[in-house]
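None of the values given here were measured: they were computed from a predicted structure. Just so you know, these numbers use all the heavy atoms, side chains as well, and skip hydrogens, waters and symmetry mates.
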Amino acid sequence: TRTFQFIYQILRTFFVVGLGEELIWRGFVLGKANAALGSENAGIIASSVLFGLWHYPAGQDALQVIATAAIGLVYALARCKIKHCSTLATRLAHGLHGTRFLT
């Protein structure tokens, strides 16, 4: 039914997409990029560009990849620059952002 499908999409967006991508990109890749590049700002930019490019094979065009990289930049900046911002906060933001496409 439509109700079941909607609930499934909400749960998938929050717990699979939001959780998975944030743990990978802001939890792991961002930290490794910061360490490898020796600069938090360079790591933020590099991980955001990679995040955008990672979505390219998913059928997004160049403009969507740029927009996705910009969203990744916002999440990475929040994670690094806001005191006490955790991947939990970025997972919630990512999940909320993803649910806007479900209507």
Side-chain angles (χ1 to χ4, degrees):
T1 66
R2 292 191 84 194
T3 303
F4 178 75
Q5 184 178 7
F6 182 74
I7 292 169
Y8 168 77
Q9 290 295 337
I10 294 265
L11 293 174
R12 181 182 168 275
T13 299
F14 269 98
F15 294 108
V16 177
V17 177
L19 172 68
E21 286 190 356
E22 290 308 311
L23 285 176
I24 293 167
W25 290 101
R26 262 56 71 188
F28 181 76
V29 173
L30 178 59
K32 294 296 184 184
N34 289 347
L37 298 172
S39 164
E40 186 176 73
N41 290 335
I44 289 169
I45 292 167
S47 68
S48 300
V49 168
L50 290 172
F51 179 68
L53 291 173
W54 185 70
H55 285 81
Y56 181 68
Q60 293 189 352
D61 61 30
L63 186 58
Q64 290 169 313
V65 169
I66 292 167
T68 302
I71 292 166
L73 180 68
V74 170
Y75 294 157
L77 283 169
R79 181 79 173 88
C80 290
K81 303 296 183 182
I82 298 174
K83 188 178 182 179
H84 304 300
C85 182
S86 67
T87 55
L88 175 60
T90 59
R91 287 187 316 222
L92 291 173
H94 197 141
L96 288 170
H97 178 258
T99 59
R100 74 182 177 91
F101 297 108
L102 299 177
T103 57

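Grouped with Leu37 in a hydrophobic cluster is no other residue, since no side-chain heavy-atom contact under 4.5 Å to another Ile, Leu, Val, Met, Phe, Trp or Tyr is found.
Residue pairs meeting the salt bridge (Lys or Arg N to Asp or Glu O under 4.0 Å) criterion with at least one member in residues 61-76: none, sequence neighbours excluded. Applying the salt bridge (Lys or Arg N to Asp or Glu O under 4.0 Å) test to residues at least two apart or on different chains, the pairs with a partner in residues 25-50 are Glu22-Arg26, Glu40-Lys81. The stretch residues 16-39 participates, sequence neighbours left out, in these ring-ring contact (aromatic ring centres under 6.0 Å, His included) pairs: Trp25-Phe51, Trp25-Trp54. For the salt bridge (Lys or Arg N to Asp or Glu O under 4.0 Å) condition, no pair includes a residue of residues 2-13, sequence neighbours left out.
In this structure, CG in Asn41 is found 5.5 Å from CD1 in Ile44, a value given to the nearest 0.5 Å. Residue Leu19 holds its CG atom at 12.0 Å from OG1 of Thr13, rounded to the nearest 0.5 Å. Within the model, atoms CD1 of Ile66 and OG of Ser48 stand 13.5 Å from one another, a figure rounded to the nearest 0.5 Å. The distance from atom CG of Leu77 to atom CD1 of Ile45, rounded to the nearest 0.5 Å, is 8.5 Å.
Considering every non-hydrogen atom in both Cys85 and Thr90, the closest pair reads SG-CG2, 4.3 Å. Between Ser47 and Leu30, the closest heavy-atom pair is OG-CD1, 3.4 Å. Val65 and Gly52 get closest at one heavy-atom pair: CG1-O, 3.2 Å.
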Donor-acceptor pairs are to be reported for all side-chain atoms of residues 68-76 against protein atoms at under 3.5 Å, with residues two or more places apart or in another chain.
from, atom 1, to, atom 2, distance (Å)
Thr68, OG1, Gln60, OE1, 3.1
Thr68, OG1, Gln64, O, 2.8
Tyr75, OH, Ala93, O, 3.3

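Both Phe15 and Ile10 are members of a single hydrophobic cluster when ILVMFWY side chains are connected at heavy-atom separations under 4.5 Å. No continuous path of ILVMFWY side-chain contacts below 4.5 Å connects Val17 to Tyr56, so the two sit in separate hydrophobic clusters. Following chains of ILVMFWY side-chain contacts shorter than 4.5 Å, one can reach Leu50 starting from Ile24, so the two form part of one hydrophobic cluster.
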